[in-house]
Amino acid sequence: EGHPAGGKRPRAPPRARAAQADLAGRVRFLGVRDDVPRLLSAAALHCCPSRRNKRESFGGVTIEAKQAGIPSVVTPYGGLPELVDHLRDGWIAASDAAADLAEGIEYFMTQPAFLRAAAAAARASVSADSRPRFVEAWLSQFDMQGGPAGQEGSARERRAAHIHVH
């Protein structure tokens, strides 16, 4: 029998799922932490399996992984593809299917030289994604070259019309 929320039965809540035999003792829920960089530094690879209908708007955890020098395997949804340079500092899966994510994980975990190179590229790419560069690029979209703000047809208005807040 179907379930009203899309015809499927709901998945087990995360803690109940983690207690099942195939995962028992292998999953830990850490709660809110202020030492995420230290925790990430113990990992070899980061995976952000964002779903099409529940996507990351920006993917801050992917930036945190880069800061720790960890390549990311991500899905092609939300802002994640803009944060990863496929095969250079991570992997952009074709979809959110487990097989597509596994392909990226296997690529790095079976080729240590590629994993090391991607880790170095991930750390190096953080400077390209730095806050000062972001602010500079953002503000450049609002220059006053076309006239003062509010003036019909000004460059500022034309550019601002293309910026969408989500």
Side-chain angles (χ1 to χ4, degrees), residues 11-15 17-143 145 159-160 162-166:
R11 293 176 60 162
R15 290 186 188 280
R17 175 64 182 103
Q20 292 176 1
D22 61 331
L23 294 178
R26 299 173 69 190
V27 176
R28 294 185 333 182
F29 293 91
L30 303 179
V32 176
R33 303 289 296 246
D34 60 3
D35 60 344
V36 172
R38 184 184 67 78
L39 294 170
L40 282 173
S41 69
L45 188 63
H46 164 251
C47 184
C48 188
S50 189
R51 305 296 301 262
R52 178 188 305 263
N53 60 344
K54 296 182 181 183
R55 59 184 162 200
E56 299 286 327
S57 59
F58 176 68
V61 67
T62 302
I63 296 294
E64 290 175 327
K66 285 181 167 212
Q67 289 171 332
I70 302 168
S72 294
V73 174
V74 301
T75 54
Y77 309 118
L80 296 173
E82 288 80 19
L83 298 174
V84 173
D85 188 350
H86 186 65
L87 299 179
R88 184 174 172 277
D89 65 8
W91 179 280
I92 303 171
S95 75
D96 58 2
D100 290 336
L101 290 162
E103 182 181 7
I105 294 168
E106 183 178 10
Y107 175 83
F108 287 113
M109 298 309 291
T110 61
Q111 301 180 76
F114 290 150
L115 179 63
R116 284 189 301 277
R123 186 180 303 275
S125 73
V126 174
S127 64
D129 298 324
S130 71
R131 181 175 174 83
R133 284 182 188 228
F134 171 81
V135 170
E136 180 181 321
W138 178 259
L139 291 177
S140 74
Q141 298 299 309
F142 295 99
D143 66 28
Q145 293 175 2
R159 289 184 180 122
H162 296 299
I163 297 172
H164 305 283
V165 177
H166 300 278

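Atom set for the values below is all heavy atoms of this structure, side chains included, hydrogens, waters and symmetry mates excluded.
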key: Minimum heavy-atom distance between S125 and K66, given as atom pair plus value   = OG-NZ, 2.9 Å

request  = State, to 0.1 Å, how close P71 and G90 come at their nearest heavy-atom pair, and which atoms those are.
outcome  = CB-CA, 4.3 Å

key: Distance (rounded to the nearest 0.5 Å) between L80 CG and T75 OG1   = 5.0 Å

task = With the side chain counted from C-beta on, respond yes when Q20 and L23 share a heavy-atom pair under 4.5 Å apart, and no when they do not.
result = no

message = If I take atom CD1 from residue I70 and atom OG1 from residue T62, how far apart are they, to the nearest 0.5 angstrom?
response = 11.0 Å

inquiry  = In terms of relative ring orientation, are F114 and Y107 parallel, tilted or perpendicular, with 30° and 60° separating the classes?
reply    = parallel

Side-chain heavy atoms of V74 within contact of S50, under 4.5 Å = no

query = Which pair of heavy atoms, one from V84 and one from W91, lies closest together, and at what distance?
reply = CG1-N, 3.6 Å

ask   = How close do R88 and A121 get, heavy atom to heavy atom, and via which atoms?
value = O-CB, 3.4 Å

ask   = Quick check: are there more than 12 heavy atoms from other residues, nucleotides or ligands sitting under 6.0 Å from CD of E106?
value = no

inquiry  = Around atom CZ of R26, are there more than 12 heavy atoms from other residues, nucleotides or ligands closer than 6.0 Å?
reply    = no

message = Show the nearest heavy-atom pair for residues G79 and E82, with the distance to one decimal.
response = O-OE1, 3.0 Å

remark   = Closest non-hydrogen atoms of S72 and A65, given as atom of the first, atom of the second and distance, are OG-CB, 3.8 Å

task = Check whether any side-chain heavy atom of H46 sits under 4.5 Å from a side-chain heavy atom of E64, and report yes or no.
result = no

ask   = Heavy atoms, side chains only, cut-off 4.5 Å: are L39 and L30 in contact?
value = yes

ask   = Looking only at atom types and distance, does a side-chain atom of D100 sit under 3.5 Å from a main-chain N or O of A93, one as donor and one as acceptor?
value = no

L101 CG to C48 SG distance, which is reported to the nearest 0.5 Å = 9.5 Å

